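To start, the structure under review is shown below, and the notes come after it.
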Amino acid sequence: MEKKLKLWDAVMIVMGSMIGSGIFIVSADIMRNLGSGYWLIVVWLITTVMTVAAAISYGELSAMFPKAGGQYTYITEIFGKPMGFLYGWGMFTVIQTGTIAAVAVAFGKFTAYLVPSLNDAASIFQSGEFQITWIQILAIVVILFLTYVNTKGVQFGKILQNVFTSSKIIALLGLIILGFILIDKSNWSSNMSFGWDAFQNLKNTEWTGISGATILGGIAAAMVGSVFSSVAWENVTFISGEIENPKKNVVKAMILGTSAVMILYLLVNFVYLNALDRDSIAFAANDRVAVSAAEKMFGNAGTIIIAILVMISTFGCVNGIVLAGARVFQTMAKDGLFLKSAIENNKNGVPAKSLWMQGIWASLLCLSGQYGNLLDMVSFVIVLFYMLTVFGVIYLRIKKPEMERGYKTFLYPFTPVLYLLIGTAFCILLLIYKPDYTLPGLGLILLGLPVYFFINKKTISDVITNED
C-alpha cells in the first residue's frame, strides 16, 4: 500500500476516532452511580491510566508487526488464526460496525436540535416496537456518504479527518476555557464537598450512601460509559500499511493521541463540576450533560452550540472508524477468513468492497434499533480483547525474546501488568454486578467459533485425513 499518511494524520485518526458523543453524555451515569465529584474524577482517571497504558503496550506490537490489520494481525500472529478470527468476527458483527451505527445515530439526534422537524416527523415504518425514523435514515446517509468518500482514496478520507478532528479539538478547548470564565456561580466546592463518600441515585429519587462492595459495583457500572468513550484509538493500527515509517509513527500517534484526548476528557469533566451541581449532572435531560453546562454558559444558545459541536465530533468520529475498519476485513480476507472480494483495492488504492461491506452492515444495524444494546453487551468483550493483546506483549517477551523490537514498552513490565490488573478487576466486577452487559456479549463472540470451523472445515478435514 502507498504510504500517504504522516504522523499528524495518524494522530488525527486516533483522536478523531476516540472523540464521538460519549464525553457529552456519559458523565451523567457516572454521577448517578457514585454521587461525588471526587469519584467522577477517579473514574475518568482510572480510564485514563487504562487507555494510555494499553496504547503504550500496543506500541511494541505495532513496531513488530507494522502492517495493515493492526490488532487483528497482532492477535493472529501471537495466538493463532482461531483467536484472530474471533476478534475479527466481533469487529465486523458489532464492535466496529455497531460503533459506526451508534455514533451516526448520535449525529442524527443532535441534528434534530437544529432541525426539530426530524424529531416531530412521523415514523417512516412502525411495527410494534420496531420503527424506522428519519433520524435513522440520516445516520445511514452519513455512513454511506463517508464510505463513498473513503473509496475515493485515503487522501480524501485523511483531509476530511484532519479538518473535522481539528475543529472539534478547538471547540472542546473553547468549551473548557469558557467553562471557567462564563460561570457566575461555581458548583465546584459543593460537588467536591462529599469527599470520598459515595452515593447512588439511579432513578432520580433519593441519594443513598454506599460503601464497600457496592462502591466497586458502582465503579464498574460507571466505567462502562467512560471506557466506551475512550476506545477506538487502536483504529490507527488497522491502517498501519498506509502510514509513513509505521514502526515509529504508529506508536507515537497512539501515545500522543490517547494522552491528549484523555486530558481533554478530564478538563471537560472539570467544566461540568464547575458549571453544574450534582443533581444537574446526574439528571441532565436525556443525559446530555454538555447541553446543560452550555446553557449555563451561553443561555438558550448553548443548546445550539453543543448540537453543532456534537455534529462535528460525531461526523469526524464516523469518518475515522470507517476509514480504518475496512483494512481489518481486507487483511482477514487475505488470510482466508472473510469474503475474497474484500481483498482487492480499487483504482484509488483502497479496499472499496471491504468499505462497502462494512458500510452496508453498519447501516442495517442503524435500522435494527438494537445497536445501543449490542454495544452495551460487548463493552466487556472489547476490554477482554485489549487485555489479550496487552498480554501478548508479555507472552512474546518470554517466548520470543530474540525478535526485533523497534520500540519497547515504556516501564515494562509495570505498564502492561498495570493494564491487566485494572482490566481484570473491571471485567470481574462487571461479571458480578452487571451480567446483562457481559454474558450476552461473550456469547455473541463465542458464536464466531462454529463460523470459524465452518469456514475452515476443508482445511481441518485435510489435517485429520493426513494424521490418519
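This one's a predicted model, so the numbers in the text were calculated from it and none came from an experiment.
For the pairing with Val142, the side chain to side chain contact (heavy atoms under 4.5 Å, CB included) check across Leu146, Ile140, Leu144 returns one residue only, Leu146. With Tyr386 as the fixed residue, the ring pair (Phe, Tyr, Trp, His ring centres under 6.0 Å) test singles out one of Phe380, Trp233, Tyr74: Trp233.
The aromatic rings of Tyr148 and Trp356 are tilted relative to each other, their planes meeting at an angle between 30° and 60°. Between Phe385 and Tyr87, the angle of the ring planes goes over 60°, which puts this pair in the perpendicular group of the 30/60° scheme.
The ring of Tyr395 has its center closer than 6.0 angstrom to the ring center of Phe79.
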Criterion side chain to side chain donor-acceptor pair (under 3.5 Å) on Gln71 and Thr237, from CA distance to verdict: CA-CA 7 Å; Gln71 190 172 355; Thr237 69; 5.8 Å; no
Test salt bridge (charged side-chain N to carboxylate O under 4.0 Å, His left out) applied to Lys247 and Glu404, step by step: CA-CA 11 Å; Lys247 287 188 177 183; Glu404 181 186 348; 3.8 Å; yes
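Residues Gly325 and Gln96 approach most closely at CA-NE2, 3.3 Å, considering heavy atoms. Heavy-atom minimum distance, Thr415 versus Ser57: CG2-OG, 3.9 Å. Across Ala112 and Ile135, no two heavy atoms sit closer than the pair CB-CD1, 4.2 Å. Across every non-hydrogen atom of Ala307 and Phe110, the tightest pair is CB-O, 3.7 Å. The minimum heavy-atom distance linking Lys81 with Leu337 is given by the pair O-CD1, 4.2 Å. Residues Ser354 and Ala326 approach most closely at OG-O, 2.7 Å, considering heavy atoms.
One finds a salt bridge joining Asp29 and Arg32 here, because a Lys/Arg side-chain nitrogen approaches an Asp/Glu carboxylate oxygen to under 4.0 Å.
When side chains are defined from C-beta on, Ile176 counts as touching Val268, because their heavy atoms get closer than 4.5 Å.
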